[in-house]
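Notes to accompany the following structure.
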Amino acid sequence: MNLAELLEGLNPRQHEAITLDGSSALILAGAGSGKTRVLTTRIAFLISTHKASPHGVLAVTFTNKAAREMLTRLSAMLPINTRGMWVGTFHGLCNRLLRAHHRDAELPATFQILDSSDQLSLLKRVIKAMGVDDEKYPPKQAQHFINANKERGLRANRVEAHDPFTQRMAEIFAAYDAQCQKEGVVDFAELLLRTCELLGRNATLREHYQSRFAHILVDEFQDTNRLQYQWLRLLAGPQTQVLAVGDDDQSIYAFRGADVANMREFQRDFGDTVIKLEQNYRSQGNILEAANALIANNRGRLGKSLWTDAGAGERIRVYRAPSDLDEAAFVVDEARRLQREGVSLNDIAVLYRSNAQSRVIESALFNAGMPYRVYGGLRFFERAEIKHALAYLRMAAQPEDDGAFLRIVNFPPRGIGARTLELLAEQAQGRPLLQTARESAGAGRGGAALTSFVAMIDVLSEKLRDLPLHEAVDHVVETSGLKAHYVADKDGADRVENLDELVSAAKQFANDSEANDLAAFLAHASLEAGEHQAGEGAEALQLMTVHASKGLEFHAVFASGSEEGLFPHEQSFNTEDGLEEERRLMYVAITRARRALTLSYTESRQLHGQTRYNLPSRFLEEIPEQLLAPINARKLGASRPAFSPAGVDNASGFHIGQNVRHTKFGAGVVIGTEGRGADARVQVHFREGGQKWLALEYAKLEPA
DNA sequence: ACTACGAGACTTTTT
DNA sequence: GTCTCGTAGT
């Protein structure tokens with residue numbers, strides 16, 4: 001593409017962001033404002049006008065998918081080889097840098113990357129070895145403590161611990177880090193922290209990268225945490241121009257350490273050039289107006305309002321369902337209707353706040369014979385059989401990796417039980433388990449099995465040295481006994497298939513990537529858990545959480561479960577910040593829709609095995625009424641009776657699940673009734689003020 | 001050493 | 001409702 005073609009059809013703000021020269025800038029990119037186009041076109045612009053070489057550009061994203069998309073679009077615009085470019089995720093780029101300078105970073109060349117579950121099991125081991133009570137100090141909590149501190153740039157010795165609990169947590173933190181170092185493994189946060197520490201203390205290296213990268217581009221900047229911001233500041237030199245693209249209104253990962261304050265910080269550190277992309281190319285007017293009105297209820301926004309050239313379009317439909325079953329049936333009917341109108345199922349999404357909600361919808365779709373695809377869930381490299389196979393490879397690549405050792409030492413089962421391993425750990429005194437097992441050959445009960453396991457690993461390691469990557473993977477799968485184990489299992493067919501798939505993945509990786517050694521493949525497996533599941537091509541209704549929908553768009557969107565307690569989630573009620581994040585989440589849900597948006601809520605729903613009665617979400621009230629089109633509940637066979645379960649409806653005149661209004665307490669929902677006539681009392685859950693029993697004789701309660 | 005059963009938990013989760 | 005974890009039984 002030539003320059004004119006690159007810049008064709010851009011709006012003035014986009015053009016400004018793409019061609020900006022001489023300063024860094026914060027790009028406030030609203031939903032559907034052409035953010036990815038701006039990012040990729042800017043890189044293409046810089047390179048094709050020789051303002052930068054491909055070598056001198058760094059672009060960082062959060063997901064592999066986003067990084068891939070950027071590279072794909074880039075190679076469509078420019079006739080360059082994108083392979084050597086520094087385009088990737090924060091973690092991927094850190095991995096690259098740490099591999100290149102592993103000695104300076106004090107890591108083995110073969111260092112392995114722990115995913116969250118690897119990290120948790122290592123922590124469990126550390127806590128046990130310390131003799132700490134894991135009831136008082138739950139490993140999950142320790143994991144959160146460690147990650148949160150690392151993401152603030154803090155090591156164990158710098159954690160402020162004024163109480164005994166935090167002190168003990170910090171001790172666990174220190175012991176965990178020491179064990180990681182021994183085993184030559186790093187967790188996700190460690191990749192960032194190590195890189196920051198390395199660049200922080202090594203001026204030569206820092207200045208090398210700072211002068212190399214004339215341009216840095218950051219995607220989804222609102223999702224960066226403190227540590228990632230620190231990383232950015234270390235890599236950006238005095239001459240570097242940084243383009244940080246983000247949307248504070250779409251910040252929905254604060255619970256994982258993302259800190260929107262980075263956006264204000266950026267203006268302080270990199271100058272206050274701000275470009276707002278507010279023209280939306282995705283949704284029709286009513287949808288945008290609803291989104292704008294909703295998000296206006298949040299405080300402290302940087303300020304931004306979406307607009308469109310397109311017409312107002314349809315109003316937002318609001319469906320009130322008697323039950324979750326009815327809501328699901330409604331979604332099925334509506335999806336079918338849209339399908340008849342010629343909308344592809346791929347272009348229709350059902351969004352929900354939490355995964356638990358998908359079950360009812362799935363079963364309705366299944367019974368209706370409508371194809372659907374659920375996003376999220378277990379990913380390829382997270383499957384047990386894959387992790388087992390990878391552990392054999394890790395063992396061969398790095399014998400100090402106790403995590404890998406423990407995962408496979410008795411899988412497939414070979415008679416090495418808990419007692420044997422306990423003795424082994426005792427004997428090891430902190431040395432690698434594999435080495436200890438090798439030295440104490442034949443000793444103790446289970447010793448013979450242990451000896452033959454060590455022998456097998458040794459033979460395997462020897463063999464793998466000479467094999468190309470995919471043959472090595474194939475060899476491991478065949479000789480470890482893994483495949484035989486699953487072949488013998490009558491329910492193991494899928495797992496066998498996955499193991500074969502792993503061999504293909506290795507082959508693919510060797511073809512695609514310049515570094516095709518074992519260490520690189522293992523890093524790839526940890527950093528990219530793999531596409532969710534197969535079956536991508538087939539036409540299917542799209543089911544996912546609102547979180548998972550960020551960055552996507554659909555012709556029609558159903559936001560189900562728009563209820564108090566669910567969305568906003570009850571665990572966000574306590575804090576203003578929590579509630580605002582929920583609101584941003586709803587904002588994300590709304591802005592996914594191009595033409596048709598339906599919000600639904602139920603009067604009763606099964607949750608955690610019991611029936612709950614919820615009020616409609618407060619967010620519905622924050623959308624101007626003239627934008628809404630209520631739909632009446634239709635008579636549907638699937639509807640579970642929302643009231644008088646088992647005929648307990650009484651003479652009170654109210655039924656469970658009914659929305660009511662009280663002169664003093666306001667809006668509420670009936671969750672219980674008892675007595676009749678003058679004695680009748682009803683229990684009401686009020687929006688403000690919790691649950692109350694009211695005697696009907698005195699209380700002024702009316703149907704709402 | 002392995003398997004089966006019951007108690008308790010249970011938002012979201014790019015890496 | 002359903003998944004995970006720990007304990008007791010084989």
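Reminder, nothing fancy here: chain letters follow the sequence lines and each chain counts from 1.
Phosphate contact (OP1/OP2 of dT13(B), side-chain N/O of Thr545(A), threshold under 4.0 Å): present. Applying the 4.0 Å criterion to OP1 and OP2 of dC2(B), one finds that Asn410(A) has a side-chain N or O inside that range. For dT14(B), one of the phosphate oxygens OP1 or OP2 lies less than 4.0 angstrom from a side-chain nitrogen or oxygen of Arg379(A). Within the 4.0 Å cut-off from OP1 or OP2 of dT12(B), at least one side-chain nitrogen or oxygen of Asn355(A) is found.
Note that Arg99(A) lies in the cation-pi zone of Phe111(A), set by a 6.0 Å cut-off to the ring centre and a 45° limit from the axis.
Salt bridge Asp134(A)/Lys124(A): absent, no basic N to carboxylate O contact under 4.0 Å.
Between Phe619(A) and Phe567(A), the ring planes are perpendicular. Angles over 60° get that label, and only those under 30° would be called parallel.
Taking only side-chain atoms of His608(A), from C-beta outward, the nucleotide of dC10(B), dT14(B), dT15(B) with the closest atom is dC10(B). Closest contact between the side chain of Glu582(A) and the listed nucleotides dT11(B), dT15(B), dT13(B) involves dT11(B).
For the segment residues 561-576 of chain A, the set of residues with a heavy atom within less than 4.0 Å of an atom of DNA chain B comprises His569(A), Gln571(A), in numerical order.
In this structure, the separation between CG on Leu39(A) and CZ on Arg73(A) is 9.5 Å, given to the nearest 0.5 Å. Distance CG/Leu585(A) to CG/Leu579(A): 11.5 Å, rounded to 0.5 Å.
Among the candidates Arg592(A), Gln542(A), His547(A), Gln357(A), the single residue satisfying the side chain to side chain contact (heavy atoms under 4.5 Å, CB included) test with Leu351(A) is Arg592(A).
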Give me the distances for all protein-to-nucleotides 2-5 of chain C N/O pairs that come in under 3.5 Å?
residue	atom	partner	partner atom	Å
dT2(C)	OP1	Arg359(A)	NE	3.4

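A syn orientation is assigned to dT11(B), its glycosidic angle lying within 90° of 0.
The side-chain ring of Tyr253(A) is not stacked on the base of dT13(B), judged by centre separation under 5.5 angstrom and plane angle under 30 degrees.
Nucleic acid contact for Ser354(A): sugar-phosphate only, since backbone atoms but no base atoms lie under 4.0 Å from a heavy atom of the residue.
Annotation: Phe145(A) is not in aromatic contact with Tyr137(A) [ring centroid separation under 6.0 Å not met].
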